[in-house]
Amino acid sequence: MNHLESFRNLGISECVIAALEKKGFESPSPIQELTIPLLLKGEKDVVGQAQTGTGKTAAFGIPIIDTISRGDGNPQALILSPTRELGIQIAEELNSLQGAARLRIAPFYGGQNILVQLDRLRDGIDIVIGTPGRVIDLMERKKLNFDQLKFAVLDEADEMLDMGFLDDIRRILSATPSDKRMLMFSATMPEEILAIAEQFMRPDYEIVRTKTESVSTGLTEQICYEVRRENKLEALSRILDMEPDLYGMVFCKTKTDVDELTDSLLARGYAVDALHGDIAQAQRTRVINNFKARRFRVLIATDVAARGIDVNDLTHVINYSIPQSTEAYIHRIGRTGRAGKKGTAITFVTPSETGKIGRIRREIRAEIRKKKLPGIEEVLEAKKQRFSEAVRRMIDERDHCPYLGFAEELLSLADHPAEILAAMLRMRFKNELLPENYVDLNREVPRENPDKKGHARIRVSAGRDDGVTVPQLLEMIFDRTKIKGSRLGRIDLKNDCSYLNANPGDAERIIDAFRGMSPEFSLVPEEEGLPNFVPIPKRGRKFSRQDRAPREKRSHRTFRDGFLENLRREMSEEEERHHLEPHTPDRKKFRSKSGGEFSFRKSGRGKTK
């Protein structure tokens, strides 16, 4: 283990050294060399500014693992993450680094059954990795006790600020002991980050920076395609059709995504296989060996399952799901463009993910070119060309000769040989070469406005008196339907119920998803229609205040008149502010109960039930 002496020189224990060797680490990264000794000594708190993809998780994870031991059940380390995906990734990385330490490490985030997380806390926890919203939820339930906390870490601190978590971070840190060791990682250093450091870190905290370099991409062409979520399978199929020599890996976010994509591609006749955490070790070994032997050309995997796989000569890496961090992006695309050979890294980006790819582009300081997907005619021409070349090769190699007699017989079936060939092509390709069998993926579809006449209005049988807020409602709908708040229209909260606008297709999906559940989702009768609100510019907010048309311009009383009159009567200025509350990511404040019911925390306003 001489190659790990540089890690030993940092003061790391043999337990962690063994885990590092097993993971294939060779030498510490610059941020690890700067951070680990400071945290192990415990003399100073640290603000770390480093390029994403430089081993930040190990930089704070190793000192935590080497400092704490299995305790009595209360957390000794708290790591705040902006997203659930990053939280899961951190938990998996720390579990792989702890070796034989037997620490209890787990992520806590919105979207997972709260009862599962409460059981985990009840069984005891040493390291909590959580999103701010879920951590506050658990604090309010009095399920998190920070009395024994020794470490507090803010990972991707600037991203948490961008997502509106500043007040949540202050609230959480205020509940932690003042003598804890604290670390913040941030790609940038805005004033808010430094203000948090001044308020919550010990006075002599240190800022460490590593040299920012662009990611080496000289041999890797980086491309992104904007594609709607429902068209990703077709987009991937077209790339596989256009690149007959493609030998690569396709990355998905979850195990379910991997299985579904693998089944869909196999059904289309592509040579693919899958790799994720639920696959047994024996099968994992077989899949990897078959892939290295090129018995199939595309391996579909999750980030975690792909760790440790070293495959030479990959021509492509395809991000079917956009990576949740720049570090993950770098790790993925680093698998191609090696050993002096060119490679291609492709990323599928949905319209709502353009900000993420922009952030990755800025942080890696390299070009990711946006291109259009191959058109229908391009795909058909490529398939016809490959088939023609295969026929030409067979004729040149005289492999067709045993069938010449049968071919002469077939020529008698029609007056013209082309008719015979056309029939055989139809039998071979079925509808595969027909243009009408394809979707135009490059056609821009205008976005529908759910607030316009002709769309649907949904009534929810829970309102402000039940503790409902706009973020809770959006989170609940997304959990069951995967319909994002950006697709929905105006949401109005009343004391005993709520209303939301949606296009007819989304409205049907929402009502079907909550059928037989409480609260009840139902369609407002068509004759009531949508309130005729007159919008003003949104000023960057989904739920911005809207102007009302002057009363003198209305010649008769409409549904809108009655609605606004009731709204003014029933809502105070404070209630209006709450009614227009913006959506905060991962602030799930509703609780799912058994039997398909949801309960909301009381808002403290209005009547109680």
Side-chain angles (χ1 to χ4, degrees), residues 221 223 225 227 230-250 260-274 290-300 311 313-318 320 336 341-346 348 371-443:
E221 181 185 16
I223 300 168
Y225 294 111
V227 55
E230 60 269 21
N231 293 331
K232 280 188 177 182
L233 174 61
E234 179 63 25
L236 179 57
S237 299
R238 291 194 187 181
I239 291 171
L240 298 179
D241 290 338
M242 295 296 292
E243 302 285 349
D245 298 325
L246 185 151
Y247 175 56
M249 296 182 67
V250 177
E260 290 178 352
L261 180 59
T262 302
D263 291 342
S264 298
L265 290 176
L266 288 173
R268 293 187 175 207
Y270 298 104
V272 303
D273 211 336
N290 287 341
F291 185 54
K292 289 182 176 180
R294 300 205 180 199
R295 294 190 179 94
F296 60 93
R297 64 179 182 133
V298 176
L299 177 64
I300 304 169
V311 182
D313 302 330
L314 291 183
T315 63
H316 287 70
V317 168
I318 300 176
Y320 192 80
T336 187
K341 296 183 179 180
K342 292 185 177 180
T344 303
I346 295 173
F348 290 161
K371 296 178 66 175
K372 286 192 174 184
L373 286 159
I376 297 173
E377 292 302 325
E378 292 179 78
V379 174
L380 295 181
E381 185 59 33
K383 289 186 175 184
K384 293 175 183 178
Q385 183 67 26
R386 282 202 302 275
F387 184 74
S388 299
E389 291 172 356
V391 172
R392 181 75 264 172
R393 282 195 305 271
M394 182 169 286
I395 294 174
D396 291 343
E397 296 169 4
R398 310 301 295 172
D399 287 344
H400 69 299
C401 292
Y403 285 89
L404 285 174
F406 185 35
E408 291 286 349
E409 295 178 24
L410 291 175
L411 288 175
S412 64
L413 296 179
D415 296 333
H416 199 286
E419 293 190 44
I420 306 297
L421 283 174
M424 296 178 71
L425 288 171
R426 185 60 184 259
M427 293 173 65
R428 163 64 177 82
F429 290 102
K430 297 182 174 60
N431 296 328
E432 187 177 340
L433 298 181
L434 301 180
E436 56 268 25
N437 199 44
Y438 291 81
V439 178
D440 186 357
L441 299 181
N442 294 317
R443 180 172 60 90

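These values consider heavy atoms only, across backbone and side chains, with no hydrogens, waters or symmetry-generated copies.
- Between the CG atom of L299 and the CE atom of M249 there is a distance of 4.5 Å, given to the nearest 0.5 Å.
- In this view, R386 satisfies the side-chain hydrogen bond (donor to acceptor under 3.5 Å, both in side chains) rule with no residue, not counting sequence neighbours.
- Taking the side chain as every heavy atom from C-beta outward, L441 and Y225 never approach each other to under 4.5 Å.
- Partners of I420 according to the side chain to side chain contact (heavy atoms under 4.5 Å, CB included) rule, which considers only residues two or more places apart in sequence or in another chain, are L410, L413, A414, M424.
- Judged by distance alone, the side chain of T315 and the main-chain N or O of L246 form no donor-acceptor pair under 3.5 Å.
- By the side-chain hydrogen bond (donor to acceptor under 3.5 Å, both in side chains) test, D263 pairs with no residue at all, sequence neighbours left out.
- Here R268 pairs with E234 under the salt bridge (charged side-chain N to carboxylate O under 4.0 Å, His left out) rule; sequence neighbours left out.
- Partners of S264 according to the side chain to side chain contact (heavy atoms under 4.5 Å, CB included) rule, which considers only residues two or more places apart in sequence or in another chain, are L233.
- We find the CG-CG distance between L236 and N231 to be 12.5 Å, quoted to the nearest 0.5 Å.
- Of the possible donor and acceptor atoms, none in the side chain of K341 sits under 3.5 Å from a partner among the backbone N and O of D313.
- Sorted by first then second residue, the side chain to side chain donor-acceptor pair (under 3.5 Å) pairs that include residues 391-418, not counting sequence neighbours, are R392-D396.
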May I have the list of side-chain donor-acceptor pairs in residues 373-382 shorter than 3.5 Å, sequence neighbours left out?
unit_1 : atom_1 : unit_2 : atom_2 : d
E378   : OE2    : G375   : N      : 3.0

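- Between I318 atom CD1 and E243 atom CD the span is 8.5 Å, to the nearest 0.5 Å.
- The distance from the CG atom of D273 to the CG atom of L265 is 11.5 Å, given to the nearest 0.5 Å.
- Partners of E419 according to the side-chain hydrogen bond (donor to acceptor under 3.5 Å, both in side chains) rule, which considers only residues two or more places apart in sequence or in another chain, do not exist here.
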Kindly list each side-chain donor-acceptor pair under 3.5 angstrom involving residues 425-437, sequence neighbours excluded, with atom names and distances?
unit_1 : atom_1 : unit_2 : atom_2 : d
R426   : NE     : K430   : O      : 3.2
R426   : NH2    : N431   : OD1    : 2.9
E432   : OE2    : K383   : NZ     : 3.1
N437   : ND2    : N431   : O      : 3.4

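- Smallest separation of non-hydrogen atoms from P417 and L411: CB-CD2, 3.9 Å.
- The structure places NE2 of H316 at 7.0 Å from CD1 of I223, a figure rounded to the nearest 0.5 Å.
- Looking at every heavy atom in both residues, T336 comes nearest to G343 through OG1-CA, 3.2 Å.
- With sequence neighbours left out, F291 forms a ring pair (Phe, Tyr, Trp, His ring centres under 6.0 Å) with Y247, F296.
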